[in-house]
Amino acid sequence: MAPDGSPTADDVMIVNAARALGDLARVGRATCFVGIGLPSTAANLARNLYEPAPVLIYESGCIGSKPTRLPLSIGDGELGETADAVVSVPEIFAYWLQAGRIDVGFLGGAQLDRLGNINSTVIGSYAAPRTRLPGAGGAPEIAAAAGRVVVIMRQTRRAFVERCDFRTSLGFGDGPGDRESFGLTGGGTGLVITDLGILEPERGTCELVMTRLHPGVSREQCLDNTGWTLRFSDDLGRTAPATDEELAMLRRVRNGAAL
Amino acid sequence: MAPDGSPTADDVMIVNAARALGDLARVGRATCFVGIGLPSTAANLARNLYEPAPVLIYESGCIGSKPTRLPLSIGDGELGETADAVVSVPEIFAYWLQAGRIDVGFLGGAQLDRLGNINSTVIGSYAAPRTRLPGAGGAPEIAAAAGRVVVIMRQTRRAFVERCDFRTSLGFGDGPGDRESFGLTGGGTGLVITDLGILEPERGTCELVMTRLHPGVSREQCLDNTGWTLRFSDDLGRTAPATDEELAMLRRVRNGAAL
Amino acid sequence: MEGFTHLIPHSAGHEIIRQQIRDLHVIRMTPDVIFDQLIGAGCVRKLTFSWGGNPGVGSLHRFRDAVENAWPRAIEIEEHSHAGMAARYSAGASGLPFGTLRGYRGTDLLQFTENVRLINCPFTGEKLAAVRAINPDVSIVHAQRADREGNVQIWGLIGVQKEAILSAKVAIATVEEIVDRLEPVQGAVVLPAWVISAVACVPNGAHPSFAMGYSQRDNDFYREWDPISSDRVAFAQWIQTHVVATDDHEAFLNSISKAHKGGRSGA
Amino acid sequence: MEGFTHLIPHSAGHEIIRQQIRDLHVIRMTPDVIFDQLIGAGCVRKLTFSWGGNPGVGSLHRFRDAVENAWPRAIEIEEHSHAGMAARYSAGASGLPFGTLRGYRGTDLLQFTENVRLINCPFTGEKLAAVRAINPDVSIVHAQRADREGNVQIWGLIGVQKEAILSAKVAIATVEEIVDRLEPVQGAVVLPAWVISAVACVPNGAHPSFAMGYSQRDNDFYREWDPISSDRVAFAQWIQTHVVATDDHEAFLNSISKAHKGGRSGA
């Protein structure tokens, strides 16, 4: 929250991500594989705001976690104690993710490219990286197998690039047909929620195009903060302003007040 | 027990099987994968007679079961309640048996052949069997992966055959080198305990030869009850008579008295 | 179409017989008495299994009669080892087309199934058995209990219950009890409501099998089944009296309790 | 050479630093602070991993310094996805030379490891990733408790602890407590004494990680690690003061409790 009480760009991004999860849960796509950080904040916001609530699944083996405070780590005890079931790590990946039981995979990353591929490995060359990032984690198989992938990332020229320095997780590869040729069972990057607005893959080309802008955001801002020649949807819309209720709940989720 | 109190041939067989397990446990080969029936009776007898006691593992997923009464079925609740750990059936076969953690596999069968192969599938042809038997169960992989296999079977001309009608579980296949060529990691049929005596594979040929006779049993009896031209070891010995202590414990195990 | 060992869904099997559902391809590692009944009642076209016996008692006579004499109809069989079936269920639950194990090689089982092939390890060159995944159209299991949302809790010998549910297109659980809240139990597996298609409350629905914490295995019944199933007429009468002529599982339990009481107390 | 997530064997890692064991090939899905310390202390020759960060905080600065600047020495890295590493451990625990998953295809990860190859399903022809089994020389895990016979009980987030133990040639467990009898706990895994090579009792041996039922994760420590590890000198001082100069884990805990108390109460 900004000092004047208006939502920050991050708040707007998180609220819109939570709404996206809520929308998916409403159409029966409720199971959500969540990473720590922004995805976890947004997912827990959605869980507290919407009915039916998304079912949160963490790669540490927690199914149906209902944390009352935001976990710092994927291995936070709170996630296990509030889960419907806790399984081993090999099982969560094999029986749950790979088997196609996850509707929504919720990812972040350091770079995202025009075709929705994600880099969380290195900036620069692999042999002599400028920045060594944490690495793949669960992302490659989430990107491969989840029914649809929702990416949450701040939109900057350095992060939104023409082509990732390293393809850690596949969006649409080099274009239409690539996912199928690699035998990936999930739908790929379906929605990218940034601090400026929302991008979606264009039918036919799979290129990410801006489909909605957050209140007060201009097309120029988006162009300036994107490393490829960004295009806008013909029916470019605006996201609804974050409501007081959404913002109040976001504050509670962040502060770890009893949820 | 016969009416006069002397041990029956079955008693002698079971006591000798228990001794074999006790001997193996004493040299540190204590983990024993057990089937229901004679193997389970003998294994529980060994567990109550010897120190260190063999560790009983059942294919229903029970590790370290210490039943106080003999289970009728592999799925008997008693096996789970007295176990150190209960795991799923896929896990018991993959992480425990296949991984080579089982020292002794304890098997029965309907037919056993000269090279220690076992049939528990059909008598007669597969397409039109004279007798349809229950089938493989866990036996093929026990025979493949256990450090050594102990077979307990009544010796008759119908059961001890030149060649099994169906090879359900591999002993030595067609002879030396066959196990290795099939990539089997376990040692194969190491000991066959019958109501007449004990057979072991001959070094070099892998053929089962009689190495010991139970008290009062003659060579002729063995020859009459074996479907191949049975040979006897040069240093053919006799098993020690079942002791009163062994027989008393066998009675207690059978009756399910508190063990 | 069903589970393993403990928690055998007898009540669901009986209902299949009552509804005269036929031409089934049934799958189970350890088909025992309930599968003997399904086979004898003519419901089964094909059986995939790894061990078909009456545990601790002997043969399944209806199964043998079907295989040896095609009575009441011929059945197709496909048989595996336990390890192979377990790997097939695990692969099915994992969404993989096959599972891998060190098995089958050298046995005659390999000749009689299309669903095992040898593959080479791409690293070591070792030849291993690949088994085709099982993904049943319907899996039915019995479990201890479910909550009102449909989350199902199973404990004790869990067998391949989880894999049977997770590999199936439609998963049905019969349970001993429906409760407000699933209290934690040591060694329990919970399957969330969203992987279960339907839950039916059938107390003692595994009888003569058992549900740990709710009932004991009726070992006497398994022994009594041997003479009943040995004879086609006695079998047909038993099915008619206790299954076809009863409306539901409660009526079935009453019916067999009357019939078997005398014999049992004398056993 | 160690476990995952919850129950991280920090005390064992410190002892490796104290004993100056070097040239290690260390393996962990989620190398975090303790691996950062091992790397910064120069113990590591090669790291196999799938995610190397300080969870919820950011980078592992010693890890980055080693990869980016070869300080204090160059380290070799081999990286995978979590799913791939989990399949590798499972294969190792199963005694198979490889595991199979639907993964890696289309990613650049494939180019930088010899331990993933594509294979064809012998039934469907689908191309899948085969990953080489992991069978560490030594696995070290932390667990809640053991009994006097050496049976080890683990509960809560069990991660790949079981697979780490069962895939290893030698398995070592540090535990919070040694008890006469392992009372049942919901969701607990028990590993029998005969698959464990050695047990050491080290109360709070996972600190700043935690053991469910015994301790809480010290999230503040993870945050404080960020500035310490960002600076080579500050790091070296920290290792010298709190690890090298302490005799054992108890002394280590006393040492950091004094040093970090002021900062923490102000945080």
Side-chain angles (χ1 to χ4, degrees), chain A residues 21 24-34 47 51-58 61-66 77 79-105 138 140-147 182-187, chain C residues 86-101 133-136 139 141 143-155 158-171 173 179-197 199:
Chain A
L21 286 195
L24 287 163
R26 202 150 33 239
V27 297
R29 309 193 66 173
T31 55
C32 180
F33 210 95
V34 187
R47 197 174 57 72
E51 274 292 336
V55 177
L56 308 195
I57 297 166
Y58 288 83
C62 302
I63 299 172
S65 290
K66 294 167 272 296
L79 295 176
E81 287 160 23
T82 62
D84 292 329
V86 178
V87 302
S88 74
V89 166
E91 180 179 329
I92 199 80
F93 283 104
Y95 283 9
W96 298 85
L97 176 60
Q98 180 174 265
R101 282 177 239 283
I102 307 300
D103 297 324
V104 185
E141 283 76 21
I142 296 173
F182 290 126
L184 308 184
T185 51
Chain C
R88 297 186 67 192
Y89 274 120
S90 285
S94 302
L96 287 177
F98 74 98
T100 308
L101 72 158
I134 292 179
N135 289 103
S139 279
V141 302
Q144 273 94 348
R145 59 193 182 191
D147 65 18
R148 295 193 192 282
E149 289 176 21
N151 300 300
V152 170
Q153 193 181 34
I154 305 175
W155 67 87
I158 52 171
V160 289
Q161 302 285 66
K162 181 184 265 192
E163 287 75 15
I165 288 175
L166 294 181
S167 63
K169 299 183 183 79
V170 170
V179 296
D180 288 330
R181 199 183 113 78
L182 298 174
E183 293 303 325
V185 174
Q186 198 231 350
V189 162
V190 173
L191 286 154
W194 50 275
V195 299
I196 306 280
S197 315
V199 172

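When each of C:Q144, C:R145, C:E183 is tested with C:Q153 by the rule side chain to side chain donor-acceptor pair (under 3.5 Å), just one qualifies, namely C:R145.
Interface summary for chain A: among C:P192, C:S90, C:S94, C:P184, the most heavy-atom pairs under 4.5 angstrom belong to C:S94. Comparing C:V189, C:L96, C:N151 by heavy-atom pairs within less than 4.5 Å of chain A, the highest count is held by C:L96.
Under 4.0 Å is where a charged nitrogen must lie from a carboxylate oxygen, and between C:R181 and C:D147 no such pair does.
Of the atoms belonging to A:V55, it is side-chain heavy atoms, and not backbone ones, that fall under 4.5 Å from chain C. Looking at A:T185, there are no atoms closer than 4.5 Å to chain C (heavy atoms on both sides), in backbone or side chain.
Across A:A145 and A:L97, no two heavy atoms sit closer than the pair CB-O, 3.6 Å.
Using a 30° and 60° split on the angle between ring planes, C:W194 and A:W96 fall in the perpendicular class, above 60°.
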